[in-house]
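Just so you know, these numbers use all the heavy atoms, side chains as well, and skip hydrogens, waters and symmetry mates. Just so it is clear, the structure is predicted and the values come from calculations on it, not from any experiment.
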Amino acid sequence: MAISWGRFLVIMTALSMVLAPSVFVFAQTDEEAEEAAKNAELEAQIQKKAEELKKINEELQETQEDLQATVQKGQTLNNEIKKIDGNIKTINLGIQSSEVTIEKLGLELENLQDVIYDKEVELERKKHSITALLQQRQVMDNENLLMVFLKNKTLSDSLAQAQFIEDLNNSLLTEVVNLQDIREDLNEDLEDVSDKKDKTEQEKQTLKARESIAKEQKTERSYLLAQTKNEEAEYQKIVAELAERQRKIGEEIADIEAQLRAGANTDDLPTARSGILGYPVASVLVTQDYGATAFAQRAYRSKFHNGIDFRASVGTELFAAAEGEVIAVGDNGNVQYGRYVLVKHPNNLTTLYAHMSKQSVYVGQTVERGQLIGYAGETGYVFGAHLHFTVYWSPSVELKAFSGAGLVPVGITVNPFEYF
């Protein structure tokens with residue numbers, strides 16, 4: 001079937017409107033103007049929340065530095081009260097951070113939903129565009145290049161129609177590619193929505209936990225003042241008794257771990273390489289390394305630090321270093337590890353997270369790498385808030401009972417940095 005030149009021009013005009021709507025200028029509707037203003041307002045609110053978070057984090061950094069300075073001044077009742085007050089301030093800043101983060105995530109979700117709607121509209125437009133192209137392609141299907149030249153009256157008409165067929169095919173291919181791109185973008189946006197919803201739920205959980213930790217810190221402050229009768233001598237007596245209890249427990253643990261190491265065959269440890277474990281904190285700052293550190297030489301009878309200390313203020317989120325099963329959730333009181341979580345991994349490694357203010361997992365629970373398992377603190381025998389992180393060879397791990405401390409993890413340790 002030959003297509004007349006007049007019909008050909010009509011088809012080209014129709015297709016040009018389908019394929020290149022941008023060449024036509026339309027006045028912006030009131031609805032479109034309102035949508036654009038809404039999007040701009042959302043972006044402004046998101047930016048405002050980001051600036052609020054930045055200020056909170058800056059203040060949090062200053063508070064942490066003040067706390068470090070207080071810890072270094074020594075153990076006095078006055079310094080201990082200042083430290084608790086600093087912890088309370090830190091947690092309150094963390095609560096503010098959680099509240100602002102939840103608000104920011106809500107705005108980002110709202111913005112994403114608008115973006116998704118726009119892409120769904122664009123997706124439908126592309127589908128209609130492809131349908132129109134396929135309909136025009138159908139008209140051309142029965143005509144090869146030779147027929148085009150034979151059926152048109154002039155050579156220029158034949159060349160124009162041949163070019164039109166080529167343009168039609170190219171346009172169809174372009175529209176199909178664009179359609180696929182929009183679908184991929186839409187899927188990414190939908191995944192982003194799911195991710196932000198998960199983050200919102202986690203932040204709500206963190207907010208609730210931090211509020212609980214803040215109450216505990218205030219209770220601890222009141223208890224300390226009551227116990228010492230606000231007298232330095234009474235405080236120093238308590239410190240001395242605690243240090244003696246810790247010394248005895250530390251010596252017993254050192255002897256047990258030395259016996260475990262004697263003749264142990266650790267050939268089934270995973271080969272040392274990076275990536276086997278992830279960091280248990282979002283912001284990595286090591287305050288004490290693994291091994292015969294300068295502090296360990298002074299403070300421990302074993303002269304050896306069996307893990308890594310990460311700087312982490314009270315209420316900081318802590319994450320599982322790898323997938324595994326929670327085999328212990330314990331509390332040693334004000335000695336040894338305080339509140340801790342022990343996770344056994346499938347590769348013969350077990351990780352310990354110590355001095356926590358709050359645990360958020362239970363024994364027997366399976367956790368994924370990067371999953372929230374609790375919050376940093378300064379429970380146990382410590383001189384400031386941090387996370388003590390130990391990596392054990394799993395077959396050696398035991399939970400030993402100690403008077404006044406309950407069950408304490410012991411075992412053959414390895415350098416965590418061999419697996420980060």
Taking [X] for its side chain and [Y] for its backbone only, find out whether a donor-acceptor pair lies under 3.5 Å.
X	Y	value
T63	E59	yes
S394	L349	yes
H386	A312	no
T379	M356	yes
T350	K344	no
R339	G380	no
D195	E191	no
H388	D309	no
S360	I373	yes
Q359	Y340	yes

Quiz item: Does the pair E35 and K38 meet the rule for a salt bridge (Lys or Arg N to Asp or Glu O under 4.0 Å), with working shown?
Solution: CA-CA 5 Å; E35 184 66 22; K38 179 187 174 185; 5.1 Å; no
Self-check item: Distance-only polar pair, side chains of E65 and Q61, donor-acceptor under 3.5 Å
Solution: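 A pair is found: one side chain offers a donor N or O, the other an acceptor, under 3.5 Å apart.
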Quick check: do [X] and [Y] have side-chain heavy atoms less than 4.5 Å from each other?
X	Y	value
Y419	L269	yes
S313	N87	no
S97	L60	no
F420	V284	no
E203	K104	no
D181	E184	yes
K82	N78	yes
V326	Y362	no

Tell me if the [atom1] atom of [X] is crowded by more than 12 foreign heavy atoms within 6.0 Å.
X	atom1	value
K303	NZ	yes
K400	NZ	no
Y117	OH	no
E120	CD	yes
K199	NZ	no
K126	NZ	yes

Quiz item: Can you say whether the rings of F304 and Y290 are parallel (under 30°), tilted (30 to 60°) or perpendicular (over 60°)?
Solution: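 Answer is perpendicular, since the angle exceeds 60°.
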Find the distance between [atom1] ([X]) and [atom2] ([Y]) and round it off to the nearest 0.5 Å.
X	Y	atom1	atom2	answer
E378	S357	CD	OG	9.5 Å
L42	E110	CG	CD	4.5 Å
Y375	E317	OH	CD	5.5 Å
L277	E418	CG	CD	11.0 Å
Y392	L260	OH	CG	10.5 Å
E80	D85	CD	CG	10.5 Å

Exercise. Determine, using ring centers only, whether F319 and Y279 are less than 6.0 Å apart.
Key: no
Exercise. Measure centre to centre between the rings of F389 and Y353, then say whether the value is under 6.0 Å.
Key: yes
Quiz prompt | Worked verdict on Q336 versus Q246 for side-chain hydrogen bond (donor to acceptor under 3.5 Å, both in side chains) | solution = CA-CA 7 Å; Q336 199 54 27; Q246 179 58 38; 2.8 Å; yes
Quiz item: Step by step, would you call K54 with E51 a salt bridge (Lys or Arg N to Asp or Glu O under 4.0 Å)?
Solution: CA-CA 5 Å; K54 183 181 177 182; E51 290 170 0; over 6 Å; no
Practice problem: Please test Q205 against E201 for side-chain hydrogen bond (donor to acceptor under 3.5 Å, both in side chains), starting from the C-alpha separation and ending with a verdict. | Solution: CA-CA 6 Å; Q205 180 182 345; E201 287 307 308; over 6 Å; no
Quiz item: With a 4.0 Å cut-off, would you call K55 and E58 a salt bridge?
Solution: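 No, no charged N to carboxylate O under 4.0 Å.
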Self-check item: Pair N332-Y381, side chain to side chain contact (heavy atoms under 4.5 Å, CB included): steps then yes or no
Solution: CA-CA 9 Å; N332 301 143; Y381 193 71; over 6 Å; no
Quiz item: By salt bridge (charged side-chain N to carboxylate O under 4.0 Å, His left out), which residues pair with D189, not counting sequence neighbours?
Solution: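 D189: salt bridge (charged side-chain N to carboxylate O under 4.0 Å, His left out) contacts with K119.
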